[in-house]
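Here the structure is laid out as structure tokens; the discussion comes afterwards.
Atoms within a ligand are numbered from 1 in the order they appear, just like the ligands themselves.
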Amino acid sequence: MTAPTAAYDLAIVGAGIIGLGHALAAARWGLKIIVIDRDAQANGASIRNFGFITVTGQAAGDMWRRARRARDVWDEIVGPAGIPVVHRGTAILARSDEALAVAREFAGGEMGEGCQVLPPSALDEKMPVARRDGVRGFLWSPHELRVEPRTAVPAVATWLEAVHGVTFLRGAAVTEVAPPRVETSRGPVRANKVVVCPGPDLVTLFPETIAKYRPTLCKLHMLRLAPQGPGWTLGASMMMDLSFGRYLGFDGCPSVAALRARIARLEPETLANGIHLIVVQSADGSLVVGDSHHYAPTPDPFAPDAVDQLILRHAKETLDLADDRIVERWTGIYPSSANDVPAFFDTPLPDVRVAMVTSGAGMSTGFALAEEVIADLYA
Ligand SMILES: Cc1cc2nc3c(=O)[nH]c(=O)nc-3n(C[C@H](O)[C@H](O)[C@H](O)COP(=O)(O)OP(=O)(O)OC[C@H]3O[C@@H](n4cnc5c(N)ncnc54)[C@H](O)[C@@H]3O)c2cc1C
């Protein structure tokens, strides 16, 4: 089969959530769009993540603004695209006085709008399956939603194709972009403008542009625990002290330094493996639990069990698990900027943009970044 030869207004390279976000934003501009991906179906970070659309915890400024806008876009499309929202909201448990201080400082600031610090007794309502021992209180955020990424991302693509007339060319590697010509391994495509959303492929297209942001790659371990049985409901996404320490959104809280010092003192191995705890639930009652962070230009393919056991230990200390069997493991990779640039878009050629989330927050912010890129290309 050869590539479609019809001319398009816009070609998008990459059918991960960032590419799909651009297709959605461009469809809203009424453009004729083709999305090209080398894989037969979505296979990258976009289906390997938690499906956790996170607002609270995003870095102040652009990322927090984008997360709120992207969350609204998710809310707009889940119904039409037939994507179930598995749960809403986040409980970040404070298991130390230092974490509780961070929670209070955050809730009192601008980014804490809508959030509350609640006592342990409120877990009876918000998260009855959380362990009470050691919990000083928790930050409750109503802003988040969770979708099942391995079905939600294909559903977004199917909906874009069926309802917005977006063409998908899969199994085609893009080797050169020079509008109106886009060279693919399945023949040329004609498009007036192009957005390149290559995820962790830092070297095939416009490597000099991408290199300005000094990205490396980050490998994450992910676990699925067995269905927890009838009546065991998480009800919201769950995090704890480690996330108050890790997420840049809490950087402005004066007590975060003391919390980080405590974590460094008590949990050096956890810190060395870049572990913080996120737990979300799937419709079958199983839990997605993660994650770790290991950085390298080419991450190795190995996933040592010791890292998984550390993640599992934190989950067992935090939740009253009904079944702690690991039933599935996988790793995922995303680009991460050594310059601490959380996301960027750039202009290697006048009618071309390269767009990348370089901080592991693409599900949460990608739709908003895409709107900015399309506005920049067509304004
Ligand atoms: C384990 C894990 C957990 C995460 N959890 C969360 C979370 O809960 N919330 C959140 O907001 N973010 C999370 N993230 C981050 C988020 O998943 C990513 O930021 C996002 O998926 C990146 O999307 P993408 O489209 O850029 O990349 P990808 O999903 O990797 O897609 C890139 C696509 O581009 C294609 N491609 C690249 N180059 C070419 C080429 N030359 N020709 C053709 N095709 C090409 C690839 O085949 C691929 O399909 C997580 C990431 C991981 C790995």
Enumerated ligand 1 atoms positioned under 4.0 Å from heavy atoms of [X]:
X	answer
Gly199	26 (O), 27 (O), 32 (C)
Ser46	20 (C), 21 (O), 23 (O), 24 (P), 25 (O), 28 (P), 29 (O)
Ile333	53 (C)
Ala173	42 (N), 43 (C)
Ile17	20 (C), 21 (O), 23 (O), 25 (O)
Phe50	5 (N), 8 (O)
Ser364	9 (N), 10 (C), 11 (O)

Close N or O approach ([X], ligand 1; < 3.5 Å):
X	result
Ala15	no
Val174	yes
Tyr334	no
Met222	no
Asp37	yes
Thr365	no
Gly332	no
Leu205	no
Pro200	no

Distance-only check: which donor-acceptor pairs under 3.5 Å involve side-chain atoms of residues 49-58, not counting sequence neighbours?
residue, atom, partner, partner atom, Å
Asn49, OD1, Gly51, N, 2.7
Asn49, ND2, Ala45, O, 3.2
Asn49, ND2, Ser46, O, 3.3
Thr54, OG1, Phe52, O, 3.2
Thr56, OG1, Ser141, OG, 2.8
Gln58, NE2, Thr54, O, 3.0

#### Entry: Matching residue for Leu349 among Val352, Thr347, Asp351 - test: side chain to side chain contact (heavy atoms under 4.5 Å, CB included)
Val352
### Query
Name the one of Val327, Val279, Leu321 that satisfies side chain to side chain contact (heavy atoms under 4.5 Å, CB included) with Leu225?
Leu321
Considering only protein heavy atoms, which is closest to [atom], and at what distance to one decimal place?
atom	result
atom 44 (N) of ligand 1	Arg38 N, 3.1 Å
atom 19 (O) of ligand 1	Gly362 N, 2.9 Å
atom 26 (O) of ligand 1	Ile18 CG1, 3.1 Å
atom 9 (N) of ligand 1	Phe52 O, 2.9 Å
atom 34 (O) of ligand 1	Gly14 CA, 3.4 Å
atom 31 (O) of ligand 1	Gly16 CA, 3.5 Å
atom 12 (N) of ligand 1	Gly360 O, 3.2 Å
atom 6 (C) of ligand 1	Asn49 CB, 3.3 Å

### Query
Could you give the distance from CZ (Arg353) to NE2 (His22), rounded to the nearest 0.5 Å?
10.0 Å
Got a sec: does the [atom1] of [X] have more than 12 other heavy atoms crowding it under 6.0 Å?
X	atom1	result
Arg181	CZ	no
Glu328	CD	yes
Arg325	CZ	no
Arg136	CZ	yes

### Query
So, does Thr216 use its side chain to make a donor-acceptor pair with the main chain of Ala296 at under 3.5 Å?
yes
### Query
Should Val73 and Val163 be counted in the same cluster of Ile, Leu, Val, Met, Phe, Trp and Tyr side chains packed under 4.5 Å apart?
yes
Structural part of [X] in contact with ligand 1, heavy atom criterion under 4.0 angstrom:
X	result
Leu20	neither
Arg48	backbone
Cys197	backbone

### Query
When you check the side-chain N and O atoms of Tyr213 and Asp346, is any donor under 3.5 Å from an acceptor?
yes
### Message
Is it true that Glu144 and Ser237 share a donor-acceptor pair across their side chains at a distance under 3.5 Å?
### Response
no
### Query
So is Ala172 close enough to ligand 1, meaning a heavy atom under 4.0 angstrom away?
yes
### Parallel, tilted or perpendicular: rings of Trp159 and His164 (30°, 60°)
perpendicular
### Query
Salt bridge check: are Asp320 and Arg132 linked by an N-O gap of less than 4.0 Å?
no
#### Entry: Nearest heavy-atom neighbours spanning Ile33 and Ala27
CD1-N, 3.4 Å
#### Entry: Minimal non-hydrogen separation, Leu217 against Pro297, with atom names
CD1-O, 3.5 Å
